[in-house]
2 protein chains.
Amino acid sequence: MPTPTRTTNEAVVAAARELLEAGGPAALTMQAVAGRVGVRAPSLYKRFQDRDALLAAVASATADELGARFEAAAPDLPQLAAVYREFAHRHPEAFRLIFTASVAPMALQRSVEPVIRTVAGMVGEDHALDAARLVTAWATGFLQLEIAGAFRLGGDIDAAFEYGLRTLIAGLVAGSGREC
Amino acid sequence: MPTPTRTTNEAVVAAARELLEAGGPAALTMQAVAGRVGVRAPSLYKRFQDRDALLAAVASATADELGARFEAAAPDLPQLAAVYREFAHRHPEAFRLIFTASVAPMALQRSVEPVIRTVAGMVGEDHALDAARLVTAWATGFLQLEIAGAFRLGGDIDAAFEYGLRTLIAGLVAGSGREC
DNA sequence: ACCTGAACACCGTTCAAGT
DNA sequence: ACCTGAACACCGTTCAAGT
């Protein structure tokens, strides 16, 4: 008779996310993930083609969660920025993973839509995409540098984030509306 | 009698950089690096404590090279941005490596100095650090997203980069001088 | 149908032994 | 003094054999 399944894709991805966040990518081994869901490593290959596919699933799940928080924060740009930063602080490893070449590009498309919508409301449809790319590039770079510990020259990081957001908005508004 | 050395740290790092750029981090194995400099893997441990130390040396060499190009481009912000982008395009893997947590934070400090100097000339010393962080965060994030293939919604990427730089400068100038 | 033990290839790393 | 063969631990992955 057909044997009932002993775990689920969701449980596997959840276990992988925990291991990733706890010990970085090196800790996300097939054996460790399998152990967490009560199975042996070879069984995982029934669900994911290989480790890269599992990483992609983790990235995708992370992007979906982020997208949901963006959805709740739009169309308030400072709120979007705050949500993004808090998410990166809480899941630094998953945050990094999302922007890894092999994995993520597609997973992000949907989650970024609330950002485009928000920015479009500020600068108009014509520059919406360019402006969204400006804002996401800044925030993503800032958080990546912050997480990597690259801000070593002192100063208040929170204040630098506020300054960046404020200055960015000033530039967006100045560039879109009439000049003075 | 003392055996003459069969390679140098510089040659090892150069070989590592080539392998990294050609095949990503996974291709940078101790055996492959050793093979490229005509030696066996265990010999590398005389020069670098472990693979992570070698990666750190690669990151450091990359950051130094980038710093030299920044030095030549300062204090022209658009020129700095163009140099940065060209460097990222030509060495995407090394560029990514620089911002990996375990490796790089310190290697960047010196190379970023020309950027701070340039930005200070635009907004004054008071906001120099915040403004430099805004600019580097934007550029780094943009390039990372571009390299990762995350800009999938169409549009002209070159134009988006120009737009970002222009808008950023507008914000910086508006925020520093008197308002209107 | 699903799971696993055993096996293979590959990698990082150590160390005693070579020259 | 420097280098290396051999060995060890560990990982990703495959597959025939179990239930």
Side-chain angles (χ1 to χ4, degrees), chain A residues 1-61 93-94 96-97 100-104, chain B residues 1-61 93-94 96-97 100-104:
Chain A
M1 68 184 131
T3 320
T5 195
R6 228 168 277 186
T7 184
T8 65
N9 284 19
E10 288 69 29
V12 171
V13 169
R17 291 179 77 175
E18 291 169 19
L19 287 164
L20 173 67
E21 220 50 73
L28 198 167
T29 70
M30 299 302 269
Q31 320 191 15
V33 172
R36 274 212 171 212
V37 298
V39 111
R40 297 294 193 159
S43 296
L44 299 179
Y45 293 83
K46 274 273 142 68
R47 308 181 166 282
F48 300 93
Q49 194 170 32
D50 53 23
R51 183 171 177 274
D52 267 355
L54 176 53
L55 282 173
V58 168
S60 186
E93 295 292 347
R96 247 193 293 267
L97 179 67
T100 294
S102 63
V103 186
Chain B
M1 66 185 134
T3 319
T5 192
R6 227 167 280 187
T7 185
T8 64
N9 284 20
E10 288 70 29
V12 171
V13 170
R17 292 178 76 175
E18 290 169 19
L19 287 164
L20 173 68
E21 218 52 72
L28 199 168
T29 70
M30 298 304 267
Q31 320 192 14
V33 172
R36 272 210 172 214
V37 298
V39 112
R40 297 294 193 159
S43 296
L44 298 179
Y45 292 82
K46 274 271 140 72
R47 307 181 166 281
F48 300 93
Q49 194 170 33
D50 53 23
R51 182 172 179 273
D52 267 355
L54 176 53
L55 282 173
V58 169
S60 186
E93 295 292 346
R96 247 193 293 267
L97 179 67
T100 295
S102 62
V103 185

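In the text below, chain A, chain B and the rest are named by the order of the sequence lines, each starting its count at 1.
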Exercise. Hey, is the main chain of B/Q31 close enough, under 3.5 Å, to the side chain of B/R36 for a donor-acceptor pair?
Worked result: no
For this session: Name the pairing partner of D/dA16, where a pair is Watson-Crick or G-U wobble with both distances under 3.5 Å, or state none.
Result: C/dT4
For this session: Return the value, rounded to whole Å, for the distance between atom CG of B/L44 and atom P of C/dG12.
Result: 10 Å
Exercise. Are any side-chain N or O atoms of A/E21 and backbone N or O atoms of A/E93, one a donor and one an acceptor, separated by less than 3.5 Å?
Worked result: yes
Problem set entry | For D/dC10, the Watson-Crick or wobble counterpart (both distances under 3.5 Å) | none
Exercise. Across the strands shown, which category fits B/S43 at heavy-atom distances under 4.0 angstrom: base, sugar-phosphate, nothing?
Worked result: base
Problem set entry | Below 4.0 Å: OP1/OP2 of D/dC3 and any side-chain N or O of B/R40 | no
Problem set entry | Whole angstrom value for the distance that separates P of D/dC10 from CG of A/L28 | 18 Å
Problem set entry | Among C/dC3, C/dC11, D/dT4, the one nearest B/T29 by side-chain distance | C/dC11
Exercise. OH of A/Y45 versus C1' of D/dT14: gap in Å, rounded?
Worked result: 9 Å
Exercise. Has A/R6 got a side-chain N or O lying under 4.0 Å from the OP1 or OP2 atom of C/dT4?
Worked result: yes
Exercise. For the side chain of A/R47 and the backbone of A/T7, is there at least one donor-acceptor N/O pair under 3.5 Å apart?
Worked result: yes
